[in-house]
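Here the structure is laid out as structure tokens; the discussion comes afterwards.
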Amino acid sequence: MASSEFCQDKEVKVPLSSIQNQQTEHRTEVSSLQKPKAVRDGQYSDPVYKKLSLINGEINKLTKDQLQAKCAELRLDTRGMKDILKKRIKNYYKRKKLMKARVHPPEGSKTPYDYLLVIDFEATCEEDVENYNHEIIEFPAILVDVQQNKIVDEFHSYCRPLLNPQLSKFCCNLTGITQSQVDTADSFPLVLKSMEKWMESQCLGSERSFAVATDGPWDMSRFLNGQCSLSDITFPQWARRWVNVRKTYANFYQCRRTKITNMLENLGLTFEGNLHCGRDDARNIAQICIRMMEDGCVIRPNEELRCWTPGELRAYSSDVTTATLTHSNICEENKSKKKSPRKSASVDVVSAFSCLAITTQADHNDSDQEDVEDLLQYYRLQKS
Ligand code: AMP
Ligand code: MG
């Protein structure tokens, strides 16, 4: 179907045949028990939702060229892969139709914070060393104003490591951070203090609400958590909950969790600056958040720091270990190391969880399996 047939004067014209098909499919495929809770509770009972579902069905049929033409016609960004363009157009109609019908979407339609605070730590490291005691050496924080949907300020500082004051060649090459940049920097506790002063100057946590956002679970759970233990300081309250942007992205665009460069590529954007430079990483993660919010994503914290009791850890890890074992990469890796896959993966899961200390918050599309893969990947420092 040509895109001009699909929508005239920005009003969707849905052919009758497709409406009938959709209704039949709906009746035969979805029993009332399978419907999402909000539907069963009648939160989607307004007729506008039926209309939206028909519109979505039509959008699903469009080719990539038609989707791009539709985006151009609606003055939306035409960049990005097919599924992202679909989501963008669906959100356009959702916003428009709900507003017209004066219906508030049950899940809320806007990110419920004044700001997102995007953080991406860089830390001391060595190649292929598990259980390395990372110390934070770069602390960037990018402030995204949710209302304006743009970066409005940033904090940046290098930190001087105390345990391993000499950066490895591997670390300098990976992060682009030089020995003299860390030699002349303050130690982490002082940098954290200046960062919190900067937060105060922005009224973060007082007059202005904010959510911390990071690429994956590791920045807060591994780097900040580990650094606070090493520096013998209390883990900051404001960092206990955060948005795992990979997870939000995958749930919103209905794809697998993936790294920053892939998320950007799927959106039709490119990484600006140098990968593994904390400030550039954080700015690019902020761009992903901005794009997601433009596409209608509601960004909320989805992970938090927790202290596992040994019993909880054992129970959780034995639950997820079985699932993890089916993952081919781990099995392949274990095969090549000629180890028993069951034993090795189980040990990794327990170690990863105890070291990373996170819990995830209910997000209907989340899978334990993906959480475990995320944790293991990072525990083994195979993040990128
Ligand atoms: P990133 O945010 O991906 O730049 O990574 C944050 C930190 O993780 C880096 O500063 C390193 O300390 C560590 N890291 C990332 N990738 C690796 C790797 N391949 N090997 C060892 N450490 C790594
Ligand atoms: Mg980084």
Side-chain angles (χ1 to χ4, degrees), residues 116-142 144 151 154-179 181-182 185 188 191 195 212-231 239 242-247 249 257-265 270-289 303 329 333 348 351-352 355-358 373-384:
L116 292 180
L117 186 61
V118 184
I119 293 178
D120 187 273
F121 296 118
E122 297 305 321
T124 54
C125 54
E126 291 279 2
E127 194 168 17
D128 290 333
V129 179
E130 280 185 14
N131 274 329
Y132 185 85
N133 256 328
H134 297 281
E135 291 171 275
I136 293 175
I137 51 173
E138 187 183 357
F139 192 158
I142 307 293
V144 176
I151 295 175
E154 66 180 50
F155 170 88
H156 182 267
S157 181
Y158 293 107
C159 313
R160 182 163 43 84
L162 303 179
L163 201 62
N164 291 298
Q166 196 65 33
L167 300 185
S168 66
K169 211 171 164 199
F170 175 79
C171 181
C172 294
N173 287 340
L174 183 81
T175 63
I177 298 172
T178 64
Q179 187 62 46
Q181 281 170 326
V182 293
F188 180 80
V191 173
M195 145 70 176
V212 170
T214 64
D215 170 38
W218 319 283
D219 287 85
M220 298 300 136
S221 61
R222 184 156 197 188
F223 295 132
L224 186 57
N225 198 19
Q227 181 66 62
C228 289
S229 301
L230 284 175
S231 304
W242 63 87
V243 180
N244 174 342
V245 174
R246 288 189 189 204
K247 194 188 259 188
Y249 181 101
R257 290 180 210 174
T258 186
K259 57 188 179 180
I260 304 178
T261 43
N262 289 345
M263 288 192 275
L264 286 165
E265 195 187 321
T270 44
F271 190 95
E272 304 267 331
N274 296 316
L275 201 57
H276 303 298
C277 155
R279 187 184 344 227
D280 291 345
D281 284 352
R283 285 178 181 165
N284 282 278
I285 299 164
Q287 289 307 333
I288 293 169
C289 293
E303 288 182 346
N329 288 349
E333 190 184 308
D348 273 358
S351 312
C355 150
L356 293 170
I358 66 157
E373 281 165 24
D374 266 1
L375 294 173
L376 288 177
Q377 228 181 3
Y378 206 71
Y379 174 66
R380 293 169 173 168
L381 290 174
Q382 287 163 358
K383 189 178 161 191
S384 38

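Note that ligands are numbered from 1 as they come in the structure, with each ligand's atoms numbered from 1 the same way.
Ligand 1 has an N or O atom lying under 3.5 Å from an N or O atom of H276, backbone or side chain. No N or O atom of E127 sits closer than 3.5 Å to an N or O atom of ligand 1. Residue contacts with ligand 1: A123 is placed with a nitrogen or oxygen under 3.5 Å of a nitrogen or oxygen of the ligand (distance criterion only).
The shell of residues lying under 4.0 angstrom from ligand 1, judged by heavy atoms, excludes Y132. The closest approach between any non-hydrogen atom of D128 and ligand 1 is not below 4.0 Å. The shell of residues lying under 4.0 angstrom from ligand 1, judged by heavy atoms, includes F121. For E126, the closest heavy-atom approach to ligand 1 falls below 4.0 Å.
Among the atoms of D280, no N, O or S atom falls under 2.8 Å of the Mg ion (ligand 2). At a cut-off of 2.8 Å, D120 is counted among the residues with an N, O or S atom near the Mg ion (ligand 2).
Nearest approach of R279 to E138, heavy atoms of both residues: N-OE2, 3.1 Å. For the residue pair I177 and L167, the shortest heavy atom distance occurs at O-CD1, 3.8 Å. A pairwise comparison of heavy atoms in D219 and F121 identifies OD2-N, 2.8 Å as the closest pair. The two residues T124 and N164 come nearest to each other via the heavy atoms CG2-O, 4.1 Å. Residue V191 comes nearest to Y158 through the heavy atom pair CG2-O, 3.6 Å, listed as atom of the first residue, atom of the second, then distance. Across G216 and T214, no two heavy atoms sit closer than the pair O-OG1, 2.8 Å.
The atom of E122 nearest to the Mg ion (ligand 2) is OE2, with the search restricted to N, O or S atoms. Closest to the Mg ion (ligand 2) among the N, O or S atoms of D281 is OD2.
Here is the list of ligand 1 atoms found below 4.0 Å of a heavy atom in C125: 11 (C), 12 (O), 22 (N). With ligand atoms numbered from 1 in the order given, ligand 1 contributes 2 (O) to contacts under 4.0 Å with heavy atoms of D120. Near E122, meaning under 4.0 Å from one of its heavy atoms, ligand 1 places the atoms 1 (P), 2 (O), 4 (O), 5 (O), 6 (C), 7 (C), 9 (C), 10 (O). Heavy-atom contacts of T175 reach the following atoms of ligand 1: 10 (O) (cutoff under 4.0 Å). Applying the 4.0 Å criterion to heavy atoms of D281 picks out, from ligand 1, the atoms 1 (P), 2 (O), 4 (O).
Within the 3.5 Å criterion, the main-chain N or O of L163 finds a donor-acceptor partner in the side chain of E135. Without hydrogens or angle criteria, E303 side chain to N244 main chain gives no donor-acceptor distance under 3.5 Å.
Remark: S229 pairs with no residue by the side-chain contact (heavy atoms from CB on, under 4.5 Å) rule, at least two apart or across chains. Residues passing the side-chain contact (heavy atoms from CB on, under 4.5 Å) test with A123, sequence neighbours excluded: H134, F223.
When the heavy atoms of T214, L174, I260 are ranked by distance to atom 16 (N) of ligand 1, first place goes to L174.
Ring pair F155/F139 is perpendicular by interplanar angle, where above 60° counts as perpendicular and below 30° as parallel.
Heavy atoms of F170 found under 4.0 angstrom from ligand 1 belong exclusively to the side chain. Only the backbone of T124 comes within 4.0 Å of ligand 1, counting heavy atoms alone; no side-chain atom from C-beta on gets that close.
Heavy-atom contacts from other residues, nucleotides or ligands closer than 6.0 Å to CD of E265 number 12 or fewer.
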